[in-house]
Every structure is written in structure tokens, then in C-alpha cells.
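My questions all concern the structure below.
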Amino acid sequence: MFIAIDVGGTHIRVASSKNLKTIQQIKRFSTPKNFNLAIGKITMAIKEIIQKQKVQKIIIGLPGVIDQKKGKLLTAPNLKNWVNKPLTNLLSKKFNCSVLLANDNDLAGLGEAIFGAGKKHQLIAYIAIGTGLGGTRIVNKQIDQSAYGFEPGHQIIQKNGKYWPHCQQKGCLESLISGRAFYKNYKIKPEKCQNKKIWRDFAHLLGQGLVNTIVLWSPNIVIIGGGFAQRSHLFLKPLKEFVKKNLLIFKPPMIVKGNLGDQAGIYGGFHFLKTK
Ligand SMILES: [Zn+2]
């Protein structure tokens with residue numbers, strides 16, 4: 001049995017698969033702030049799912065910068081208590097198998113590229129808007145190479161923007177339109193907001209980030225994932241209009257909503273294990 005774990009800022013998902021293509025069982029719970037508590041909950045979920053079967057390999061998607069060699073999370077603006085903890089050691093001892101780490105958005109982008117909205121495309125820009133804002137570049141069904149991963153949410157788009165404590169930068173995209181920023185900036189929760197003016201403003205800020213990302217990554221398709229994808233009917237139209245109006249150097253790629261929902265990272269995790 002293979003296990004994929006997707007650790008988000010608000011929820012953790014633990015899933016099993018036999019063939020690395022389909023999900024056998026999945027469990028969801030909210031992310032505990034305390035690291036040891038989280039490990040306990042993850043261990044329990046795995047035990048419940050596998051029912052005494054042997055675990056062959058585990059992949060964990062984490063919202064931050066990963067050190068593959070040390071098996072640790074180096075920086076994670078939305079999961080600070082997990083930084084530098086011996087995550088792979090703990091789980092590999094418990095289940096006597098190898099444990100791999102990857103960035104959560106890399107895995108979700110990979111999931112959409114293999115099984116979802118990006119199936120037919122070679123060059124994919126995946127942008128996930130949830131608690132934070134992240135993304136990845138997928139090339140020929142693989143996570144593109146990089147020195148430290150991709151962080152489109154931390155591109156600076158406001159010159160004299162506000163300080164964002166989670167990354168310690170000023171005026172980055174995440175500080176303006178992530179789940180965390182939404183309530184701060186618009187004084188309403190995104191799941192309650194129906195105000196067209198707010199969503200247009202949101203779309204224009206996201207559009208600014210997307211235009212930058214598109215000119216640098218030159219994708220065939222942009223896929224929007226994360227919790228905000230559920231609300232894409234409120235911002236996708238003004239977003240496309242903004243990109244079309246402001247990106248003139250080449251033809252803008254298509255922009256779509258992902259179609260794997262919150263299981264994109266799990267599917268991507270299983271595919272990742274297949275290639276390792
Ligand atoms: Zn930032």
C-alpha cells in the first residue's frame with residue numbers, strides 16, 4: 001500500500017493507493033498547530049487506512065521550501081511549527097518504509113497535469129490560492145527543475161506595499177489576495193463575499209501576478225487550484241479580461257479552474273512516487 005499525505009495550512013488529507021493511480025481511501029482533518037499532535041493524528045489515520053497491511057512508501061506534500069536531502073521543511077510561512085522537524089525520520093521509523101517530501105503545490109500541479117485539467121498540455125502554470133498563494137511549473141508531465149522551488153505568491157507587485165509577516169516581504173501577491181489576506185484587506189470572508197467590486201479588484205491583483213508569471217513561464221495553460229478555485233465563477237471572467245488587456249507581447253494562454261479539487265495534491269503525490 002502507498003500513502004500520500006497532503007498537509008495544508010488548514011487541512012491535512014491522508015490517502016492510500018495500491019496502483020498509484022486511484023485513491024483507495026482518504027481521510028481529512030484540520031491541521032493541528034502543534035507538530036507532535038499532528039504526527040500523532042497522521043499516524044493514527046495511516047493505521048486506520050492500511051488495516052495492518054504493509055506500507056511501501058509515503059509521500060508528504062508540505063506548504064513550503066523543502067530540503068530533500070535532509071528530509072526537512074526549511075521555510076513555511078503558513079506552517080511555522082513544522083520547520084526543521086525530523087518529519088521523514090519519525091514516519092519512516094513508525095512504518096518501516098521510505099518517506100519522501102515535496103512541495104504541496106508541486107504535487108497538486110503534477111496531479112492536474114497527469115489526471116486533471118492539464119492532461120493535454122505540455123507546459124503548465126499551476127497557481128493555488130488557499131490560506132496562502134503558491135504555484136508550480138510543470139514541463140512534460142514533470143515538476144520543472146529549480147534551485148529552491150517556485151514561489152509565485154511571493155512576487156512583489158506593490159512597490160510600497162504593506163509588510164507581510166508570513167514571508168517578511170512587502171507588497172507580495174500573497175499579502176494581497178490569499179485566504180489570509182482577503183479578510184484583512186476586504187473585511188469580509190471570501191466564502192461570504194458576493195460583492196462584484198471586491199471580486200473585480202481581487203481578479204485584477206491576481207491578473208497582475210498572472211501576467212508576470214505568464215511572461216516568465218510561458219505556459220500553454222494556467223490552472224487555478226486551491227480553495228478559491230471553488231469560487232472561480234466570481235473572478236475568472238474579470239481575470240481573463242485583465243490578462244487579455246495587459247499581456248500584449250504574446251497570445252495569452254487559456255486560464256481554467258483545476259478539476260481535481262482538494263485531491264489534486266494526493267493524485268500528484270501518488271504519481272510522484274511512481275517516478276521515484
Ligand atoms: Zn510574500
Side-chain angles (χ1 to χ4, degrees), residues 6-11 31 33 61-67 72-85 101-109 125-138 143-190 193 198-199 201-217 219 222-229 231 235 239 242-243 246-247 255 258 264-265:
D6 187 9
V7 181
T10 45
H11 286 98
T31 309
K33 284 233 164 74
L62 294 160
V65 181
I66 311 282
D67 184 333
K72 283 180 180 174
L73 187 60
L74 287 183
T75 45
N78 297 304
L79 204 68
K80 287 205 164 110
N81 294 341
W82 291 51
V83 170
N84 271 322
K85 295 280 165 53
L101 302 183
N103 174 272
D104 61 344
N105 294 314
D106 281 351
L107 295 183
Y126 176 76
I127 302 291
I129 316 163
T131 310
L133 196 154
T136 189
R137 184 172 193 252
I138 306 288
I143 301 158
D144 196 14
Q145 290 185 325
S146 65
Y148 294 104
F150 301 104
E151 294 290 348
H154 299 289
Q155 59 180 300
I156 291 162
I157 64 168
Q158 274 187 351
K159 194 179 150 209
N160 297 311
K162 273 188 233 155
Y163 173 74
W164 188 237
H166 307 287
C167 66
Q168 302 181 339
Q169 294 187 154
K170 284 177 187 167
C172 69
L173 188 60
E174 186 182 271
S175 75
L176 297 163
I177 57 160
S178 60
R180 261 210 173 113
F182 201 96
Y183 187 78
K184 245 186 186 161
N185 297 335
Y186 299 121
K187 310 293 174 224
I188 184 168
K189 285 187 175 168
C193 181
I198 290 180
W199 283 110
D201 187 65
F202 173 94
H204 289 179
L205 290 165
L206 175 57
Q208 221 178 306
L210 274 195
V211 168
N212 296 340
T213 306
I214 292 166
V215 293
L216 295 172
W217 288 2
V222 176
I223 301 175
I224 309 284
F228 276 71
R231 275 171 277 285
F235 64 81
L239 174 68
F242 181 93
V243 172
N246 290 282
L247 174 67
I255 303 172

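Predicted model only: the values in this text are computed from it and were never measured. Heavy atoms only: backbone and side chains are in, while hydrogens, waters and symmetry mates are out. All ligand and atom numbering here is 1-based and tracks the order in the structure.
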Q. By side chain to side chain donor-acceptor pair (under 3.5 Å), which residues pair with Glu151, not counting sequence neighbours?
A. none
Q) So what's near the Zn ion (ligand 1), protein N, O or S atoms under 2.8 Å? A)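 Less than 2.8 Å away from the Zn ion (ligand 1) sit His154 ND1, Cys167 SG, Cys172 SG.
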Q | Residue list, side chain to side chain donor-acceptor pair (under 3.5 Å) with Asn212, at least two apart or on another chain | A | Gln155
Q. Under 4.5 Å between any side-chain heavy atoms of Lys72 and Lys85, yes or no?
A.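 No; the side chains remain at least 4.5 Å from each other.
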Q) side chain to side chain donor-acceptor pair (under 3.5 Å) with Asp144: which residues, sequence neighbours excluded? A)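 For Asp144, the residues satisfying side chain to side chain donor-acceptor pair (under 3.5 Å) (neighbours in sequence not counted) are Arg137.
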Q: Using a 4.5 Å cut-off on heavy atoms from C-beta on, say whether the side chain of Trp199 contacts that of Cys193.
A: yes
Q | Backbone of Val7 reached by a side-chain donor or acceptor of Trp82 within 3.5 Å | A |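 Side chain of Trp82 to backbone of Val7: no pair is present.
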